[in-house]
Colleague: 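Got a structure for you, questions after.
Every chain is numbered from 1 and lettered A, B, ... according to where its sequence line falls, protein lines coming before strand lines.
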Amino acid sequence: MVNFEFSEDEIRFRDSVREFAKRYIEPKWVEIDEKGRIPLDLIKKMGEQGLFAIPVPEEYGGMGGTMVMAAIAVEEIAYHDPSVAVAVYALLNNGWPLALALFGQEEAKMEILPKVASGDAFFGIASTEPQGGSDVAGIKTVAKKVGDKWIVNGEKSYISGVREIQELPEGGGFFFIAKTEKAVWSHKRITAFALLPKWNGKIKPGWKPTVFEEIGRHGISTGGFTLENFEIEDKYRIGEVNKGFYLVLQGFNIARTLVAAATIGSARWALDRAKEWLTTRKLFQGRPIASFEGISFKFAELYTELEAARYFVYKAAWMIDNTYLTKDPKFKPYDLNLPVAMAKLKAPEVTTRIYEEVLKWFGAYGYTKDCNLYRGWLGTFSYTIGAEGAQNIMRYIIARDVLGSEAVRNVWVKEEE
Amino acid sequence: MKALVAIKLTYDVNQIKFDKEGNPILDSCPKVMGEADKCAVEEAVRLKERAGAEVTAVTIGSSKEHYRILRDAYAMGVDKAVIVKAENSEKLDALTIARILASLNQRLGPFDVIFVGSGASDTHSSVIGPMLASLLGYKLLANSDKISFEDGKFKVVSTLEDGQYRMEASPPVVITVTSEANEPRIPTIKDILRSKKKPIEEISPSDLGIETREVTLRNLTRYVVPRKRIKIDATENVEEAVEKLLKMLEEEGVI
Ligand SMILES: Cc1cc2nc3c(=O)[nH]c(=O)nc-3n(C[C@H](O)[C@H](O)[C@H](O)COP(=O)(O)OP(=O)(O)OC[C@H]3O[C@@H](n4cnc5c(N)ncnc54)[C@H](O)[C@@H]3O)c2cc1C
């Protein structure tokens with residue numbers, strides 16, 4: 001059975017998000033990028049509209065929707081804020097709450113997820129450390145069990161949402177990973193937690209944040225933090241001790257799919273702007289520049305590439321739904337690695353190519369701040385760098401899945417005890 | 001209080017494409033609930049929230065999309081939905097539509113207030129509301145841009161070319177709602193998912209004793225204002241050119 005059609009529910013949902021984004025996000029997106037923050041009342045409004053925790057079951061305060069719907073929402077939001085700050089805010093608060101809902105303990109889920117769904121708290125991901133994000137098994141932050149608590153020491157960096165959790169009324173935190181007991185290089189010594197540096201409106205002791213200045217998507221912050229004897233109650237442990245690596249990778253599959261959805265939304269905006277420009281900008285005795293094949297052929301190529309990327313995104317989202325959000329799963333979690341890596345590899349790269357071309361088509365105007373195309377370009381470029389996994393790591397996953405792990409093993413390292 | 005809101009399936013005017021001659025290509029144009037009708041639903045739902053009205057939405061037609069706009073009305077908050085299953089509903093004349101709504105009032109009502117859009121996004125004949133009011137002997141508050149319900153009375157503001165009219169009437173009343181009246185709420189994902197499971201009551205026109213005599217719409221032609229091109233050279237003297245332009249516009253009756 002092959003079916004490339006959105007269901008009626010999905011179309012009605014897309015239309016509702018489109019209307020919301022047109023009404024409340026589009027008029028503000030430039031200001032959001034300029035001022036470097038998403039107004040808290042917009043975040044709250046998005047919560048009321050049900051744009052967070054979309055695939056999270058209703059019993060945890062989620063929307064009881066699907067990953068396909070989350071991808072639809074993120075794509076539409078990115079179209080109306082092509083800098084993607086608002087879309088990134090939304091995708092983190094859809095993807096990581098789902099990961100918590102799938103792997104977390106009952107009490108923590110009941111406590112955290114409704115507040116994220118309502119827009120009062122943020123829930124993202126904190127895995128990257130200063131020494132290198134790609135090497136997840138090499139993290140150095142350590143969690144030691146003392147009584148029924150975990151004492152955590154270490155440092156995380158390039159973490160989205162560090163400022164937002166300080167400003168939101170409830171606060172929030174992250175799907176967080178640390179080495180269990182000692183910092184040795186190993187996949188099998190990582191435990192996941194819900195780390196809540198600010199919760200119930202209070203900042204907890206032992207957490208020291210900083211905020212970095214970035215070149216794009218200014219509306220959402222990225223920062224770092226240190227943890228010094230920071231206490232985590234055991235109820236916030238996600239999954240079994242030492243299984244964190246495998247859980248965070250599943251979370252990455254969910255979040256990467258939504259990252260790809262954000263970039264294609266932004267790219268679609270850029271191509272729509274190009275469509276308008278290429279058919280109305282007239283040169284050489286009144287010919288629209290679209291009539292020059294040097295331009296229209298390139299447009300056709302990029303349009304096709306974007307459509308291809310969109311298929312990757314929705315296929316991955318659909319597979320995730322059929323892995324985690326169905327009574328009778330068609331796939332196993334590891335089946336998702338390849339399709340998700342392909343979506344996350346393809347979508348941001350196509351998007352960057354689209355921005356590079358569209359900017360040139362706009363001529364000198366494209367290079368002005370007034371034109372605003374650069375905001376989309378710099379914003380989405382973050383996803384060709386890192387953010388939920390570097391592109392080379394996607395290539396590595398694809399190669400490993402297709403060619404076999406022994407053949408492509410480029411990281412010649414041994415598990416340390 | 002019981003409220004009825006009548007909604008029509010129309011073309012999504014934001015998505016109409018035109019052919020080379022400038023005629024709308026309607027076959028491929030998506031259909032939605034009319035804009036003013038959406039505002040009418042919003043008013044009905046606000047009345048429910050403020051005055052505890054029970055709201056029924058009705059549409060006339062039989063396509064999949066007719067069912068969809070009723071689900072959209074459910075998602076916005078109406079309590080009941082009814083479809084009058086007339087084939088070829090787009091070819092029914094206004095009086096037949098008004099008669100169907102009037103007899104619905106007998107069958108499901110009587111309603112204290114009936115909201116309709118002040119005009120459909122496509123045909124915009126604006127006659128259903130007045131016809132319905134006169135068939136039922138209800139008071140009519142037409143073309144309402146602002147609607148409130150205070151002290152048992154509906155109060156509306158209607159903006160026409162010659163000024164603003166303030167009108168009020170106690171129920172029963174027909175109110176025609178403009179697309180300026182409010183900003184219709186956007187259904188949430190939960191509203192949308194729940195609306196799918198709600199029942200839609202089916203009634204046929206003959207159940208209502210109405211003969212759907214077809215007034216065949218032969219041809220919908222576009223009325224085109226002939227375009228005139230006037231060129232004024234402004235390369236030499238801009239001020240003179242502006243003067244000239246203003247004079248010509250005045251002669252054409254534009255200003
Ligand atoms: C805007 C933004 C937001 C972010 N938000 C978050 C967040 O919320 N939470 C979080 O945990 N992290 C976040 N990150 C960090 C992101 O996950 C990392 O940037 C990413 O994992 C890469 O890590 P790194 O930057 O340390 O680069 P490194 O891991 O040091 O990699 C450097 C370069 O080497 C390449 N490379 C590494 N290993 C290999 C290999 N084996 N083979 C070939 N090439 C390789 C990489 O592709 C990269 O080009 C964010 C990053 C950005 C840019």
Colleague: Does NZ belonging to B:K38 count more than 12 external heavy atoms closer than 6.0 Å?
Modeller: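 Result for NZ/B:K38: open.
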
Colleague: If you count every heavy atom of other residues, nucleotides or ligands that lies below 6.0 Å from B:Q164 atom CD, does the total exceed 12?
Modeller: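 Correct, the count exceeds 12.
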
Colleague: Suppose a student defines contact as a heavy atom less than 4.5 Å from any heavy atom of chain A. Which residues in residues 41-73 of chain B would they list?
Modeller: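 Listed by number: B:R68, B:R71, B:D72.
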
Colleague: Is atom NZ of A:K315 surrounded by more than 12 heavy atoms (other residues, nucleotides or ligands) closer than 6.0 Å?
Modeller: no

Colleague: Does atom CZ of B:F149 have more than 12 heavy-atom neighbours, drawn from other residues, nucleotides or ligands, at distances under 6.0 Å?
Modeller: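 Yes, the 6.0 Å shell around CZ holds more than 12 heavy atoms from other groups.
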
Colleague: What is the minimum heavy-atom distance between A:D9 and B:I192, and which atoms define it?
Modeller: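 Where A:D9 meets B:I192 most closely, the heavy atoms are O-CG2, 4.1 Å.
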
Colleague: Would you find more than 12 non-hydrogen atoms of other residues, nucleotides or ligands less than 6.0 Å from A:K28 atom NZ?
Modeller: yes

Colleague: Are the side chain of A:Q49 and the backbone of B:I189 linked by a donor-acceptor contact shorter than 3.5 Å?
Modeller: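 Such a contact is absent between A:Q49 side chain and B:I189 backbone.
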
Colleague: Once you round to the nearest 0.5 Å, how far does CD1 of B:I186 lie from OH of A:Y24?
Modeller: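 Rounded to the nearest 0.5 Å, the CD1-OH separation comes to 5.5 Å.
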
Colleague: Would you say B:E240 has more than 12 foreign heavy atoms packed within less than 6.0 Å of its CD?
Modeller: no

Colleague: If the threshold is 4.0 Å, N to carboxylate O, is there a salt bridge linking A:E58 and B:R194?
Modeller: yes

Colleague: For chain B, which candidate among A:M63, A:R12, A:E48, A:M69 shows the most heavy-atom pairs at distances under 4.5 Å?
Modeller: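 The candidate making the most pairs under 4.5 Å is A:R12.
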
Colleague: Around A:E276, counting heavy atoms of other residues, nucleotides and ligands shown, do more than 12 lie under 6.0 Å from its CD?
Modeller: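 Counting neighbours around CD of A:E276, 12 or fewer heavy atoms of other residues, nucleotides or ligands fall under 6.0 Å, so no.
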
Colleague: So for atom NZ, which belongs to B:K2, do other residues, nucleotides or ligands contribute more than 12 heavy atoms lying within a distance under 6.0 Å?
Modeller: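 Yes, because the 6.0 Å sphere around NZ of B:K2 holds more than 12 heavy atoms from other groups.
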
Colleague: Would you call B:R185 and A:E19 a salt bridge, taking side-chain N to carboxylate O under 4.0 Å as the test?
Modeller: no

Colleague: Going from CE on B:M76 to OG on A:S16, what distance comes out if it is rounded to the nearest 0.5 angstrom?
Modeller: 12.0 Å

